[in-house]
Asks: 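Quick one: this structure, given as structure tokens, is what I'll be asking you about.
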Amino acid sequence: MKNNFLYFFYLIVVLIGLTYYLKFHSYRYFPDFQIHIPNNFSVHGIDVSKHQGEINWKKVAQNNIDGVVLKFVFIKASEGGLLKDKRFNENWIQSKENGFIRGAYHYFSPYASPEKQANNFLSVVNLESADLPAVLDIEEFSGNKEEFRMKIKNWLDIVEKETKIKPIIYTNSDFIKNYLEQYFDDYPLWIAHYYEKKPNTNKNWYFWQHNDSGSVNGIKEKVDFNVFNGTFNELQSICRD
């Protein structure tokens, strides 16, 4: 009986160790960024908003930690029908001046008119050549699923017509399963899924937000880290002409 107990105890220890190894073997820890970063991706980036405060973009551009160079940034532009991010203009201008491929995102409210939300975003953002497509950040649900999806589609259609490029949808895998499954499969996907080997989705994705607590020289607050699912040339190819 004692030997059987020890056997099962050691087996459990081995299984726990194996699980931990498999989970983090595909990651490497970077002390300067204070996070694990997934291996096998060559194009890295961050996303920011007013919550990161005033950013020294020159210092951010100089981050090169053992080959991990930040190449792109998504910047919050607006939220709902009225709110505008107070740091957007400075982040938008200075990120490009310091060599970043930039993108702008809108935080979608299920309570506000999609037309007003699209116009709010477009009143702030003027996409130029070599910018990433507009992003719709979808994290909240309210009301009827069909009406909710129609609101999302209205925003996407208005912004695509104005910017001449199909927007990207940002969300997480659970939100897709619960509300968006099979309705927006033709849109580029930026998926949030933290502390895992890969995003928990069978969808084709462009961007993966893999961590929400990184540190970057030039930014005082914690920041989200992302990878692009492709090469730098492929990243450039999805940008606006």
Side-chain angles (χ1 to χ4, degrees), residues 23-24 26-30 32-53 55 60 63 65 68-79 85 87-88 91-92 95 100-108 121 131-141 152 156 166-181 184-185 187-216 218-219 221-232 234-235 238-239:
K23 183 173 182 177
F24 290 102
S26 56
Y27 280 76
R28 178 184 171 192
Y29 184 71
F30 287 76
D32 295 82
F33 294 133
Q34 298 182 22
I35 59 170
H36 288 82
I37 292 179
N39 297 321
N40 302 321
F41 295 96
S42 60
V43 186
H44 303 266
I46 56 175
D47 58 274
V48 301
S49 70
K50 67 179 182 180
H51 298 295
Q52 275 67 48
I55 296 174
V60 176
N63 282 274
I65 313 299
V68 173
V69 181
L70 302 177
K71 293 288 190 180
F72 66 89
V73 57
F74 286 110
I75 302 167
K76 184 175 182 179
S78 52
E79 178 175 340
D85 191 287
R87 295 283 182 186
F88 175 75
N91 288 333
W92 188 245
S95 60
F100 287 90
I101 292 180
R102 63 187 184 177
Y105 73 90
H106 173 84
Y107 187 93
F108 187 78
F121 176 80
D131 288 336
L132 288 163
V135 176
L136 185 59
D137 177 348
I138 313 170
E139 302 180 43
E140 294 182 64
F141 168 77
I152 292 171
L156 294 169
K166 188 179 287 292
I168 296 169
I169 290 177
Y170 166 94
T171 191
N172 61 69
S173 56
D174 287 338
F175 203 92
I176 292 173
K177 292 175 184 176
N178 292 331
Y179 306 111
L180 309 180
E181 192 75 65
F184 299 96
D185 290 351
Y187 284 86
L189 180 62
W190 173 18
I191 191 157
H193 195 198
Y194 307 143
Y195 319 122
E196 298 293 340
K197 291 192 299 181
K198 61 181 181 179
N200 182 25
T201 179
N202 58 1
K203 307 294 183 187
N204 292 325
W205 53 270
Y206 280 35
F207 298 93
W208 170 22
Q209 187 184 77
H210 59 82
N211 199 294
D212 60 350
S213 58
S215 294
V216 174
I219 303 178
E221 303 296 331
K222 295 294 186 181
V223 65
D224 301 330
F225 268 65
N226 304 270
V227 291
F228 174 67
N229 193 19
T231 66
F232 184 70
E234 289 170 331
L235 175 66
I238 70 168
C239 291

Asks: For the CZ atom of Arg28 and the NE2 atom of His36, what is their distance to the nearest 0.5 Å?
Replies: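 Here the rounded value is 11.0 Å.
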
Asks: Do side-chain atoms of Trp208 reach the backbone of His193 as a donor and acceptor pair under 3.5 angstrom?
Replies: yes

Asks: Between the side chain of Thr171 and the main-chain N/O of Ile176, is any donor-acceptor distance below 3.5 Å?
Replies: no

Asks: I'd like to know whether Val216 forms a side chain to side chain contact (heavy atoms under 4.5 Å, CB included) with Phe225, so could you lay out the CA-CA distance, the side-chain angles of the two residues, the decisive distance to 0.1 Å, and finally the verdict.
Replies: CA-CA 10 Å; Val216 174; Phe225 268 65; 3.5 Å; yes

Asks: Any idea which heavy atoms bring Thr231 and Ser42 closest together, and the distance?
Replies: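 So the two residues come closest at CA-OG, 4.4 Å.
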
Asks: Could you go through the side chain to side chain contact (heavy atoms under 4.5 Å, CB included) check for Asn91 and Lys76 one step at a time?
Replies: CA-CA 9 Å; Asn91 288 333; Lys76 184 175 182 179; over 6 Å; no

Asks: Answer yes when Glu221 and Lys50 have at least one side-chain N-carboxylate O distance shorter than 4.0 Å, and no when they do not.
Replies: no

Asks: Quick one about Tyr170 and Glu139 (side-chain donor to acceptor, distance below 3.5 Å, no hydrogens or angles considered), yes or no?
Replies: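 Glu139 vs Tyr170: no donor-acceptor pair found between side chains.
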
Asks: Would you name the heavy atoms of Phe121 and Ser78 that are closest together and state the gap between them?
Replies: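 Of all heavy-atom pairs spanning Phe121 and Ser78, the closest is CA-OG, 3.4 Å.
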
Asks: Could you work out, with salt bridge (Lys or Arg N to Asp or Glu O under 4.0 Å) as the rule, every residue matching Lys166, not counting sequence neighbours?
Replies: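 Scan of Lys166 (salt bridge (Lys or Arg N to Asp or Glu O under 4.0 Å), adjacent residues dropped) gives Glu160, Asp186.
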
Asks: Rounded to the nearest 0.5 Å, how far apart are CD1 of Ile46 and CG of Asn211?
Replies: 12.5 Å

Asks: Above 12 or not: heavy atoms from other molecules or residues under 6.0 Å from CZ of Phe100?
Replies: yes

Asks: Indicate yes or no for a side-chain donor-acceptor contact from Gln52 to the backbone of Lys222 under 3.5 Å, with no hydrogens or angles considered.
Replies: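 Such a contact is found between Gln52 side chain and Lys222 backbone.
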
Asks: Please round to the nearest 0.5 Å and tell me the distance separating atom CZ of Phe30 and atom CD1 of Ile65.
Replies: 8.5 Å

Asks: Any side-chain heavy-atom pair from Leu136 and Pro167 closer than 4.5 angstrom?
Replies: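 No. Closest side-chain heavy atoms not under 4.5 Å.
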
Asks: Looking at CG of Asn172 and NZ of Lys177, how far apart are the two atoms once the value is rounded to the nearest 0.5 Å?
Replies: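 Those atoms lie 10.0 Å apart.
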
Asks: With a 4.5 Å heavy-atom cut-off, do Ser95 and Ile75 have their side chains touching?
Replies: yes

Asks: Which distance, rounded to the nearest 0.5 Å, do you find between the CG of Asp137 and the CG of Asp47?
Replies: 9.0 Å

Asks: Nearest 0.5 Å, please: how far is OH in Tyr179 from CG in Asp174?
Replies: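 So the gap between those two atoms works out to 10.0 Å.
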
Asks: Phe72 and ring pair (Phe, Tyr, Trp, His ring centres under 6.0 Å): which partner among Phe207, Tyr206, Trp190?
Replies: Phe207

Asks: Is there side-chain contact between Leu132 and Leu235, with heavy atoms separated by less than 4.5 Å?
Replies: yes

Asks: Assess the residue pair Ile152 and Leu180 against the criterion (side chain to side chain contact (heavy atoms under 4.5 Å, CB included)); give the C-alpha distance rounded to whole Å, side-chain angles, the decisive distance to 0.1 Å, and a yes or no.
Replies: CA-CA 10 Å; Ile152 292 171; Leu180 309 180; 3.8 Å; yes

Asks: Identify the heavy atoms of Leu189 and Ile168 that sit nearest to each other, and give their distance.
Replies: C-CG2, 4.2 Å

Asks: Do Tyr105 and Ser49 have side-chain heavy atoms sitting under 4.5 Å apart?
Replies: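 Side-chain contact under 4.5 Å: yes.
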
Asks: Any chance you could lay out the side chain to side chain contact (heavy atoms under 4.5 Å, CB included) test for Phe108 and Leu156, step after step, and finish with the verdict?
Replies: CA-CA 11 Å; Phe108 187 78; Leu156 294 169; over 6 Å; no

Asks: Are any non-hydrogen side-chain atoms of Tyr27 and Pro38 less than 4.5 angstrom apart?
Replies: yes

Asks: Is the Lys NZ or Arg CZ of Lys71 less than 6.0 Å from the centre of Phe228's six-membered ring, within 45° of the axis?
Replies: no

